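Computed from heavy atoms alone, side chains included, the values below leave out hydrogens, waters and symmetry copies. Note that the structure is predicted; figures quoted are calculated from it, not measured. For ligands, and for the atoms within them, numbers begin at 1 and follow the listed sequence. Along the sequence shown, residues carry numbers from 1.
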Amino acid sequence: MRIVIKVGTSTLAHSTGRLNIKRTTELCAVLSDLKNAGHEVVLVSSGAIGMGVGKLGLTQKPVDIPTKQAAAAVGQCELMYTYDRLFTEYNHTVAQILLTGADFSAVDRHENFNNTIYRLLELGALPIINENDTIATDEIKVGDNDTLSALVAVSVAAELLVILSDVDGLYAADPHKDESARLLTEVRGVSKEIEDLAGGTGSALGTGGMKTKIHAAQICTKGGCDMVIANGKSPALLYDIVAGKQGNYTRFFA
Ligand code: GLU
């Protein structure tokens, strides 16, 4: 199976912006294992800005564009260094691809991306994708990695996109306001009612929230790919998700 996994800043980093070593180590072990089992894995990873904030010792996520882009430049190195080290332990080779929205809208650039990623998969490498935050401006950026991961999943004809987040999935009501809110484990068709369930809040260091995830689900399911939202605090959930089992997560059917 060709699988795209998207991991958010809230999964990879503590609220300080520093790497969550336990979580990230576990994630890389599970992804390596899925590759060893014969699956093709593409990782879309956030965390560049968050980790740059930590590494530069900034006290909070910057609001101005140059500092955000500077933090992303520092954090992207840290991110890839970390992945390279962890995946090398399991004998897997990582490859970095940085994209912007323009890479999907311009036919020749999109084709270049596809040629490269298909070749990388043939070569057995593990592509790790992020938005090219250091140069992306409002006009050309995708803007959030939930949408980016959906565009990537459809572009590479993946069968499954898993978005690892800091929530278990999509709830029938806002779980912050209503503790008894029910987790929806299966969604068939992203209706207006489903869209209305997305509140829109993101974490202190990340970008998305449920709104961008529902948008991603629309792109994915229309493009013929299943999408799952699951809690990144337990990367081992990926085994059940890939096996098609129902669990404590939300699956949107293609
Ligand atoms: N590209 C951003 C980063 O690496 C994250 C965007 C997102 O989380 O949606 O910090």
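With Ala71, Ser149, Ser46, Ala48 as candidates, the residue nearest to atom 5 (C) of ligand 1 on a non-hydrogen basis is Ser46.
Counting only heavy atoms from C-beta outward, the side chains of Tyr171 and Asp178 never approach each other to under 4.5 Å. For the pair Thr147/Phe104, no side-chain contact is recorded, criterion being any heavy-atom separation below 4.5 Å from C-beta on.
No hydrogens or angles considered: nothing links the side chains of Asp84 and Thr82 as a donor-acceptor pair under 3.5 Å. Checking Ser155 against Asn114 by side-chain atom types alone, a donor-acceptor pair falls below 3.5 Å.
Proximity of Ile49 to ligand 1, defined as any heavy-atom pair under 4.0 Å, is shared by backbone and side chain alike. Residue contacts with ligand 1, taken as heavy atom pairs separated by less than 4.0 Å, involve Asp133 solely via side-chain atoms from C-beta onward.
Considering backbone and side-chain atoms alike, Asn130 places an N or O below 3.5 Å from some N or O of ligand 1. Here's the thing with Thr9: none of its N/O atoms is less than 3.5 angstrom from an N/O atom of ligand 1.
Each of the following atoms of ligand 1 lies closer than 4.0 Å to a heavy atom of Asp144: 9 (O).
Leu120 and Leu31 are not part of a single hydrophobic cluster, where members link through side-chain heavy atoms under 4.5 Å apart. The hydrophobic cluster containing Tyr249 does not contain Met210, counting ILVMFWY residues as joined when their side-chain heavy atoms lie under 4.5 angstrom apart, directly or transitively.
Under a 4.0 Å heavy-atom criterion, Gly47 is in contact with ligand 1.
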